[in-house]
Amino acid sequence: MKNIDLVFRSNINGGLRHLKLTDVKSDLDAQTVKNMMQQIIDAKIFVDKNAELLYAKPVSAVYIDEQDHVLFEEK
């Protein structure tokens with residue numbers, strides 16, 4: 001299972017915000033992900049109570065591989 005961690009710079013004190021998505025396509029290239037992140041920013045749906053963008057600038061994107069390690073399984 002592939003997950004992706006999208007990191008954005010916030011308009012609130014310039015802090016970093018993470019948006020983690022699960023079960024994503026594993027063959028996305030950097031430009032596609034940057035474009036997707038920009039669409040998230042442009043939608044302006046993630047804002048605080050003062051309408052400041054929580055996700056204002058793309059910083060990075062990282063694939064995370066998670067594998068299940070079954071210790072035991074009764075059937």
Side-chain angles (χ1 to χ4, degrees):
M1 170 174 31
K2 286 264 188 176
N3 299 328
I4 195 166
D5 181 17
L6 306 176
V7 182
F8 296 84
R9 177 105 24 227
S10 172
N11 272 352
I12 305 165
N13 297 325
L16 296 179
R17 298 269 179 168
H18 294 257
L19 180 60
K20 296 181 180 180
L21 305 173
T22 60
D23 297 325
V24 297
K25 291 175 71 173
S26 60
D27 60 349
L28 300 172
D29 61 63
Q31 191 59 50
T32 300
V33 174
K34 283 181 184 179
N35 291 342
M36 181 192 65
M37 292 173 77
Q38 190 60 50
Q39 288 177 9
I40 292 169
I41 294 165
D42 293 344
K44 298 181 181 179
I45 57 174
F46 297 104
V47 296
D48 73 354
K49 63 183 178 184
N50 299 318
E52 291 290 330
L53 288 174
L54 298 176
Y55 303 124
K57 180 182 178 192
V59 175
S60 69
V62 177
Y63 273 122
I64 301 168
D65 289 319
E66 291 189 16
Q67 295 179 350
D68 293 334
H69 298 280
V70 178
L71 298 174
F72 71 93
E73 182 175 18
E74 294 184 32
K75 293 187 180 192

Asker: Going by side chain to side chain donor-acceptor pair (under 3.5 Å), Asn35 matches just one of Gln31, Gln38, Gln39. Which one?
Answerer: Gln31
Asker: List the atom of Ala61, the atom of Ile4, and the distance in Å for their closest heavy-atom pair.
Answerer: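 Closest heavy-atom pair between Ala61 and Ile4: CB-CD1, 4.4 Å.
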Asker: Would you say Phe8 and Met37 make side-chain contact, with heavy atoms under 4.5 Å?
Answerer: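 The answer is yes, as the side chains (C-beta and beyond) meet within the 4.5 Å cut-off.
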Asker: When hydrophobic residues are tied together by side-chain contacts of less than 4.5 Å, even through go-betweens, does Leu54 share a cluster with Ile41?
Answerer: yes
Asker: Might you work through the side chain to side chain contact (heavy atoms under 4.5 Å, CB included) test for Leu6 and Leu21, ending with a clear yes or no?
Answerer: CA-CA 8 Å; Leu6 306 176; Leu21 305 173; 4.0 Å; yes
Asker: Of all heavy-atom pairs between Ala56 and Ser10, which one has the smallest distance, and what is that distance?
Answerer: CB-C, 4.2 Å
Asker: Under 3.5 Å, is there a donor-acceptor pair between the side chain of Arg17 and the main chain of Tyr55?
Answerer: no
Asker: Say you draw a straight line from NZ of Lys34 to CG of Leu28; how long is it, rounded to the nearest 0.5 Å?
Answerer: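 Separation between the atoms: 14.0 Å.
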Asker: Please identify which of these residues, Leu53, Ile12, Asn11, meets the side-chain contact (heavy atoms from CB on, under 4.5 Å) condition with Asp48.
Answerer: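 Of Leu53, Ile12, Asn11, side-chain contact (heavy atoms from CB on, under 4.5 Å) with Asp48 is met by Ile12 alone.
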Asker: Give a yes or no on whether a salt bridge exists between Asp65 and Lys2, defined as a side-chain N under 4.0 angstrom from a carboxylate O.
Answerer: yes
Asker: Quick check: is Leu19 connected to Val47 through a chain of hydrophobic side chains (ILVMFWY, heavy atoms under 4.5 Å apart)?
Answerer: yes
Asker: Check whether Asn3 reaches the backbone of Tyr63 with its side chain - one donor and one acceptor, N or O, closer than 3.5 Å.
Answerer: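 The answer is no, because no donor-acceptor pair under 3.5 Å joins these two groups.
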Asker: Hydrophobic clustering (ILVMFWY, side-chain heavy atoms < 4.5 Å, transitive) - are Val24 and Ile40 grouped together?
Answerer: yes
